[in-house]
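For reference, the structure discussed in these notes is given below.
Numbers restart at 1 for each chain; the letters A, B, ... are given by sequence-line order, proteins then strands. Everything numeric in this text was worked out from a predicted model, so none of it was measured.
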Number of protein chains: 2
Amino acid sequence: MNKKKNETDIYTPTECKKFILPVRDVIDIVGGKWRLPIIIALSFKIHRFKELERQIEGITPRMLSKELKELETNGLVNRKVFDTIPASIEYSLTDYGKSLDKVIETMREWGLSHRNKIINE
Amino acid sequence: MNKKKNETDIYTPTECKKFILPVRDVIDIVGGKWRLPIIIALSFKIHRFKELERQIEGITPRMLSKELKELETNGLVNRKVFDTIPASIEYSLTDYGKSLDKVIETMREWGLSHRNKIINE
DNA sequence: TATACTGCTATACTAAAGTATAGCAATATA
DNA sequence: TATATTGCTATACTTTAGTATAGCAGTATA
């Protein structure tokens with residue numbers, strides 16, 4: 001009776017796994033508690049460090065600094081230094097960072113409908 | 001010169017924060033390394049525990065069990081027990097879980113284009 | 001002179017996520 | 001009889017994420 005193992009698994013042995021892979025990549029790049037919030041803030045406008053700190057509720061400068069570096073490394077965020085004294089630094093989205101807009105918008109819609117769902121129950 | 005604080009921040013003081021909120025909800029519900037992979041596997045077909053373990057590369061039974069419970073609690077996954085001996089248990093997506101399909105598809109597309117980008121550089 | 005601002009970094013810590021390994025009952029298969 | 005299967009749970013551990021607090025240089029503001 002439990003013999004059917006191969007029979008059931010054969011349905012989508014590679015197809016399902018293949019489907020998961022690119023989504024895993026996305027999770028690696030923009031997963032975690034802070035990265036999407038940062039990206040969203042930057043999609044509104046260029047921000048300086050302290051501005052981001054204020055827009056993203058609850059984030060500590062340590063986390064913000066860490067995540068900005070990661071996002072820069074992955075080519076999503078641009079860091080521009082102005083040699084005023086003291087230096088002012090602007091963070092902006094690269095084109096590649098901007099290309100997440102669809103993902104963010106889809107997630108936002110789902111999130112909103114979830115809120116509505118909770119409220120209407 | 002640094003006096004402009006309110007001038008710059010006033011642009012989107014609440015708008016940006018408001019925009020972030022529903023996305024945060026999504027992160028809370030399906031964030032982390034394993035939840036979306038699990039949901040994707042279940043979007044292909046109903047799975048039993050060991051089948052999921054095989055489809056989702058690298059997951060341990062502890063994590064799978066934990067995340068399935070969370071997903072059930074949040075109403076995304078359904079757990080159905082058949083009182084055969086030994087019991088067999090089927091995990092499936094609820095309609096609400098299924099409603100993530102757009103989010104997943106958008107993420108997948110972005111993930112694929114990221115792969116292409118890396119390959120083409 | 002005292003305080004606040006900017007753009008962080010350092011240190012020390014806690015909490016959450018994740019891994020590794022083993023095991024159990026009961027049946028089926030070799 | 002030995003091994004494999006299912007659907008997990010228990011224990012112990014490591015790693016990563018995240019928090020809390022303090023501080024610095026240099027300017028501007030009160």
Side-chain angles (χ1 to χ4, degrees), chain A residues 1-10 24 27-38 41-42 46-74 77-92, chain B residues 1-10 24 27-38 41-42 46-74 77-92:
Chain A
M1 225 226 221
N2 286 339
K3 195 40 200 300
K4 296 191 176 178
K5 186 202 127 189
N6 285 336
E7 238 174 275
T8 50
D9 276 16
I10 216 148
R24 280 204 167 188
I27 293 168
D28 287 344
I29 296 165
V30 296
K33 191 173 175 182
W34 301 115
R35 289 187 196 168
L36 282 178
I38 291 169
L42 295 180
I46 291 168
H47 278 78
R48 295 174 65 179
F49 193 88
K50 287 283 179 184
E51 287 174 335
L52 280 174
E53 222 181 314
R54 270 178 249 120
Q55 286 297 328
I56 299 158
E57 303 233 316
I59 199 165
T60 57
R62 188 188 194 272
M63 272 296 121
L64 181 53
S65 168
K66 229 178 108 182
E67 297 297 54
L68 281 170
K69 273 175 197 157
E70 278 287 329
L71 290 169
E72 215 193 328
T73 302
N74 279 306
V77 162
N78 219 289
R79 187 187 131 109
K80 197 173 174 184
V81 183
F82 295 87
D83 57 356
T84 54
I85 295 173
S88 85
I89 290 152
E90 285 185 356
Y91 294 94
S92 57
Chain B
M1 225 227 224
N2 287 338
K3 195 41 199 300
K4 297 191 176 178
K5 186 200 125 188
N6 286 335
E7 235 174 280
T8 49
D9 276 17
I10 216 146
R24 280 202 168 190
I27 292 167
D28 287 343
I29 295 165
V30 296
K33 191 173 175 182
W34 300 116
R35 290 188 196 168
L36 282 178
I38 291 168
L42 295 181
I46 291 168
H47 278 78
R48 296 174 65 178
F49 193 88
K50 287 284 178 183
E51 288 175 334
L52 280 173
E53 224 182 311
R54 271 179 249 119
Q55 286 298 326
I56 299 158
E57 303 234 316
I59 199 165
T60 57
R62 187 188 194 271
M63 274 295 121
L64 181 53
S65 168
K66 227 178 110 184
E67 298 297 54
L68 282 171
K69 272 176 198 157
E70 278 286 329
L71 291 170
E72 214 194 329
T73 301
N74 279 307
V77 162
N78 219 290
R79 188 186 131 110
K80 197 173 173 185
V81 183
F82 294 88
D83 57 355
T84 55
I85 295 176
S88 87
I89 290 150
E90 285 186 357
Y91 293 95
S92 58

Name each donor-acceptor pair under 3.5 Å that joins a side chain in residues 56-68 of chain A to protein atoms two or more places apart or in another chain, with its distance.
residue  : atom : partner  : partner atom : Å
Glu57(A) : OE2  : Lys17(B) : NZ           : 3.1
Thr60(A) : OG1  : Met63(A) : N            : 3.4

Checklist entry - Could you write nucleotides 14-26 of chain C as a row of B, S and -, 5' to 3', where a protein heavy atom under 4.0 Å of any base atom gives B, of only sugar-phosphate atoms gives S, and otherwise -? => result ----BBB-----S

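- Between Glu51(B) atom CD and dT6(D) atom C1' there is a gap of 11 Å when expressed in whole angstrom units.
- Put simply, CG on Leu68(A) is 8 Å from P on dC8(C), counting in whole angstrom units.
- When rounded to the nearest whole Å, the span between CZ of Arg48(B) and C1' of dC8(D) equals 12 Å.
- The separation between Phe82(A) atom CZ and dC8(C) atom C1' is 17 Å, rounded to whole Å.
- One can place CZ of Phe49(B) at 14 Å from C1' of dT5(D), the figure rounded to the nearest angstrom.
- Taking every side-chain heavy atom of Lys69(B) into account, dT9(D) is the closest of dG7(D), dT9(D), dG7(C).
- Here Gln55(B) contributes atom CD and Ile38(B) contributes atom CD1; the two are 12.5 Å apart, rounded to the nearest 0.5 Å.
- One N or O on the side chain of Arg35(A) and one on the backbone of Ile29(A) form a donor-acceptor pair closer than 3.5 Å.
- Residue Ser65(A) has a polar side-chain atom (N or O) positioned under 4.0 Å from OP1 or OP2 of dT9(C).
- Nearest approach of Ile27(B) to Gly32(A), heavy atoms of both residues: CG2-O, 3.8 Å.
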Next on the checklist: I'd like to know whether Arg48(A) forms a side-chain contact (heavy atoms from CB on, under 4.5 Å) with Ser88(A), so could you lay out the CA-CA distance, the side-chain angles of the two residues, the decisive distance to 0.1 Å, and finally the verdict.
Outcome noted: CA-CA 7 Å; Arg48(A) 295 174 65 179; Ser88(A) 85; 3.2 Å; yes

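- A straight line from OH of Tyr91(B) to P of dT6(D) spans 13 Å, rounded to a whole angstrom.
- Rounded to whole angstrom, the span from the CG atom of Asp83(A) across to the P atom of dG26(D) amounts to 15 Å.
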Checklist entry - Arg54(A) and Phe49(A): side-chain contact (heavy atoms from CB on, under 4.5 Å), yes or no, with the steps? => result CA-CA 9 Å; Arg54(A) 270 178 249 120; Phe49(A) 193 88; over 6 Å; no

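- OP1 or OP2 of dG7(C) has not a single side-chain nitrogen or oxygen of Arg54(A) nearer than 4.0 Å.
- Taking 4.0 Å as the cut-off between side-chain N and carboxylate O, Lys50(B) and Glu53(B) count as a salt-bridged pair.
- In this structure, CD1 of Ile38(A) is placed 13 Å from C1' of dG18(D), rounded to the nearest angstrom.
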